[in-house]
Amino acid sequence: MPTPGNFSLLTTDGPARRAQLTTAHGIVETPAFMPVGTLGTVKALCPRDLHEAKAQIILGNTYHLYLRPGDDLVARHGGLHAFMGWDKPILTDSGGFQVFSLSSLRKITDEGVEFRSHLDGSAHLFTPEKVLDIQRNLGSDIMMVLDECVPYGADAEYTEKSLALTTAWAKRSRENHAPGRGGQLLFGIVQGGFHKDLRARSAEEICALGFEGHAIGGLSVGEGTAEMYELIASTTPLLPAEKPRYLMGVGKPLDILEGIANGIDMFDCVLPTRNARNGTLYTSQGKVNIKRAEYKDDGSPLDPCCSCYTCRTFSRAYLRHLFIAQELLSYRLNTIHNVHFFLELARGAREAIETGSFAAYQARYQAAYGESP
RNA sequence: GGUGGGGUUCCCGAGUGGCCAAAGGGAACAGACUGUAAAUCUGUCGGCGUCAGCCUUCGGUGGUUCAAAUCCACCCCCCACCA
């Protein structure tokens, strides 16, 4: 039985890789898409739905779970796996993204991040160490270090300072959490904004610290697709090939395939779940806005090529009706489908890499979703 | 029969002389969403338009006025209460 952290490369197709990452709660076949379950739930789904969609690993969020219900409470209930009834791997984000998205509520210091709760305004301090303590309470399989997600458009001076801080925090994180401790893996995060030289420096500094995996953070924060792809292409090769590579928060179907083409192994994104709730559904033929009037009388399935429960059972007309009527089932059926689609996207990519046909696989989606960038 | 209240753009509903094609909400029609403060947000929403404007509209008809959804007269509906 391989130990958590073991990452075995099975095969490659150009820079694209097919591998297995071992965690305390099982093996993750990569490339993998990880549905986001910020508050200990992939919104609108229950673990049964996730199993049916063949989800291998999901995300939880340190910041949000710390504030509510509290990581100590989760620990008292046996950790996040037991608490939410999910026995497969969980990756917890550190709260670094919230440092970015809730920027008006926080202040960054060398020590960490002082912030005010978006729920009740109470003051808190996140340090690299504190964030790991929380993630230990949550009992996630993969923990993320605290980082600063630099806003798009930040100049070199700010980015460089931020980068130094992120590296210092990463170092403290590694010192606080020895490899193998508690079976919990620790991933470092490369930042550096949109300055290639700073990205390279960050990659060098972060990868020198001996994390079990490496993430690229700070992308899809407002930049254009071309710029994002350029950065993925230039940064990914700087991450050690023998460790998993995780592109944080990305992305759209084509973004994910582009990442895989460049050698990324793991992805997470709120798009399938959020868009499901907002009526945008992903199909083999491209995006479908299910609230459009043209689907009012459409008795065909959302995507005839899809094997999810939603597509096997219901018509577009019914899905539109549920959405327009704001029925709760709408959110569930839409999310079941979108999550299935993203997981299937990754599963198909794994298969394509195994057969050496990833380029053709990517091209098929480019045809359906528009040439990119 | 009497008294009082009311009829506004698809719906509800503000507006009581000019700044009104008429607040606000809903519906409708589009669009956005990338480590989730998101079951959220944005746009359009009388017609025409070379975007300056022009035309039609506030129960009906007629009138007052430079100007009326707003004032007056009569008429038609609706609601409440009293007989």
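Atom set for the values below is all heavy atoms of this structure, side chains included, hydrogens, waters and symmetry mates excluded. Below, read A as the first sequence line, B as the second, and so on, with proteins coming before strands; counting in each chain starts at 1.
Distance noted for atom C1' between B:A28 and B:C11: 11 Å (whole Å). Comparing the C1' positions of B:C19 and B:A68 gives an interatomic distance of 15 Å, to the nearest angstrom. Atom P of B:A39 sits at a distance of 41 Å from the matching atom of B:G49, rounded to the whole Å. To the nearest whole angstrom, the two P atoms, one in B:G59 and one in B:C12, are 13 Å apart. Only the C1' atoms considered, B:C45 is 15 Å distant from B:A23, to the nearest whole Å. With C1' as the reference atom, B:U65 and B:C71 are 9 Å apart, rounded to whole Å. Straight-line distance between the P atoms of B:A69 and B:U57: roughly 10 Å, to the nearest whole Å.
If A:S94 and A:L328 are placed on RNA chain B by their nearest nucleotide, the residue sitting closer to the 5' end is A:S94. Along RNA chain B, the nucleotide nearest A:K296 and the nucleotide nearest A:G251 are compared for position; the residue whose nucleotide lies closer to the 5' end is A:K296.
Checked for salt-bridge contact, A:R347 and A:E344 meet the test: a charged N lies under 4.0 Å from a carboxylate O.
At a threshold of 4.0 angstrom between heavy atoms, the contacts of A:R320 are confined to the sugar-phosphate backbone, with no base atom among them. Nucleic acid contact for A:I324: sugar-phosphate only, since backbone atoms but no base atoms lie under 4.0 Å from a heavy atom of the residue. A:L247 comes within 4.0 angstrom of nothing in the nucleic acid, heavy atoms only. Heavy atoms of A:I189 sit under 4.0 angstrom from at least one base atom. Residue contacts for A:T280: at a heavy-atom cut-off of 4.0 Å it reaches a base atom on one of the strands shown. Base contact: A:G218 has a heavy atom under 4.0 Å from a base atom. Across all strands shown, A:N61 has heavy atoms under 4.0 Å from sugar-phosphate atoms exclusively, and none from any base. Within the 4.0 angstrom heavy-atom criterion, base atoms lie near A:Q191.
For the OP1/OP2 pair of B:G35 and a distance below 4.0 Å, the side-chain nitrogens and oxygens of A:Q98 include no atom meeting the criterion. In this structure, A:T38 reaches the B:U36 phosphate: one of its side-chain N or O atoms is under 4.0 Å from OP1 or OP2. Close to B:U34, at under 4.0 Å from its OP1 or OP2, lies a side-chain N or O of A:R274. Under 4.0 angstrom from either OP1 or OP2 of B:C33 there lies at least one side-chain N or O belonging to A:K252.
The environment of A:R68 atom CZ is sparse: at most 12 non-hydrogen atoms of other residues, nucleotides or ligands sit within 6.0 angstrom. Within a 6.0 Å sphere centred on NZ of A:K171, heavy atoms belonging to other residues, nucleotides or ligands number 12 at most.
If you check B:C81 for Watson-Crick or wobble pairing at under 3.5 angstrom, you find it paired to B:G2.
Side-chain contact between A:F341 and A:P253: present, with at least one pair of heavy atoms (C-beta onward) separated by less than 4.5 Å.
The base of B:U36 is paired with the side chain of A:T273 by a donor and an acceptor separated by under 3.5 Å.
Side chain of A:N278, nearest nucleotide from B:A37, B:A38, B:U40: B:U40.
With A:P35 as the fixed residue, the side chain to side chain contact (heavy atoms under 4.5 Å, CB included) test singles out one of A:L343, A:I57, A:N338: A:L343.
With A:Q184 contributing its side chain and A:S140 its backbone, the two residues share a donor-acceptor pair below 3.5 Å.
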